[in-house]
Amino acid sequence: MEASPENYYIDPLNDCVITVGFVVTFALVRYYLDVSLFASLASWVLSPANLRRKNQKFSKQSFKFRTTCWKFVSYVFLSSIAIYLLKDQAFIYDTILLWRGWPREVFFPEPLRIFYLCELGFYIYSTLILPFEPIQNDKLAMYAHHLATITLIVLSYLLGFWKIGLLLMVLHDVSDPILEFSRLVFSMGEHGEQMAQYPFALFAFVFILTRCYYLPFVIIRSVWFEAMDNIRPELSNLPYYPTYYGLLFFLLVLQTLHVYWTFLILKMINKGVRNGRVPKDEREPDEDDD
């Protein structure tokens, strides 16, 4: 039985236009915040620690700081909206509801749909701007992560699995602002390096909880097993069958990347315990390589 028109939510052309609009909006907002706020904030925070450094060195540090400011602000914005919109959604607590009624009842509430497209626009923008971001040793992993996430968001949209897509967004949004906040604190001189251990410890806990427990043992388990138990006959039809396994494949790619980053986090924690402070981000190249 096909989804009825009133319950079928896909409007590809309109939603593509909205997504592109969000991509442009994120670019314009970042530029405005960078010139009106982040640049001044970087000069105020970094200048005392950089008075004897070369201008080129300070410029690189300023760019890193402003980039971190943008990520912190954008992640706080997205995570706040995600929590507000999803806090009362029953499927967060009962994953069986992810599959109930599919594919006949895939109605996508308008606020959630707009937020969904906003997140898609943010990841597209973040991927496009990645070549111009500060150099990191895991840039290839970041490309793979962003592309896998975009693919998962699009596949979830096309399949009518928008609830899975939203869970993935929340999963990423809740830990990212804590990481960026710890990096901002770390930038504030020697005292900041001491204080950064506390938000970094919180980030490590939330990251491991959400991405090494909730993703594999709740979301991937539900996609792999509960979907088969509840909607196997529907999934056997084209185009659902190959798209579903594509979704599962990219979820496993995402989980592999999360295991890799968890290794780096644990490595930093080990160094921090030995040194009494948060060490430099494992993903950043040595200063001499800048």
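In this text the structure is predicted, and so the values were computed from the model without any measurement.
- The aromatic rings of Phe181 and Phe72 lie tilted to each other, with the angle between the two planes from 30° to 60°.
- Looking at Tyr244 and Val223, their side chains come closer than 4.5 Å, going by heavy atoms from C-beta outward.
- At a threshold of 4.5 Å between non-hydrogen side-chain atoms, the residues Leu254 and His172 count as touching.
- Within the 3.5 Å criterion, the main-chain N or O of Ala39 finds a donor-acceptor partner in the side chain of Ser43.
- With a 4.5 Å cut-off on side-chain heavy atoms, Leu78 and Phe122 count as touching.
- Note: Phe26 and Phe77 fail the aromatic proximity criterion, with ring centroids not under 6.0 Å apart.
- Side chains of Arg100 and Phe91 form no contact here, defined as non-hydrogen atoms less than 4.5 Å apart.
- Taking the ring centroids of Phe203 and Phe207, they lie under the 6.0 Å cut-off.
- In this structure, the ring of Phe22 has its center no less than 6.0 angstrom from the ring center of Tyr125.
- The closest side-chain heavy-atom distance from Tyr32 to Leu37 is not below 4.5 Å.
- A distance-only check finds a donor-acceptor pair linking the side chain of Asn230 to the backbone of Glu226 [under 3.5 Å].
- With contacts defined as side-chain heavy-atom distances shorter than 4.5 Å, the pair Glu133/Leu130 qualifies.
- A centroid separation of 6.0 Å or more is found between the aromatic rings of Tyr245 and Phe249.
- Note on ring orientation: taking the six-membered ring where Trp is involved, the planes of Trp99 and Phe161 are perpendicular (angle over 60°, cut-offs 30° and 60°).
- The aromatic rings of His145 and Tyr123 are tilted relative to each other, their planes meeting at an angle between 30° and 60°.
- Residues Arg211 and Thr262 are not in side-chain contact: their nearest non-hydrogen atoms beyond the backbone lie 4.5 Å or more apart.
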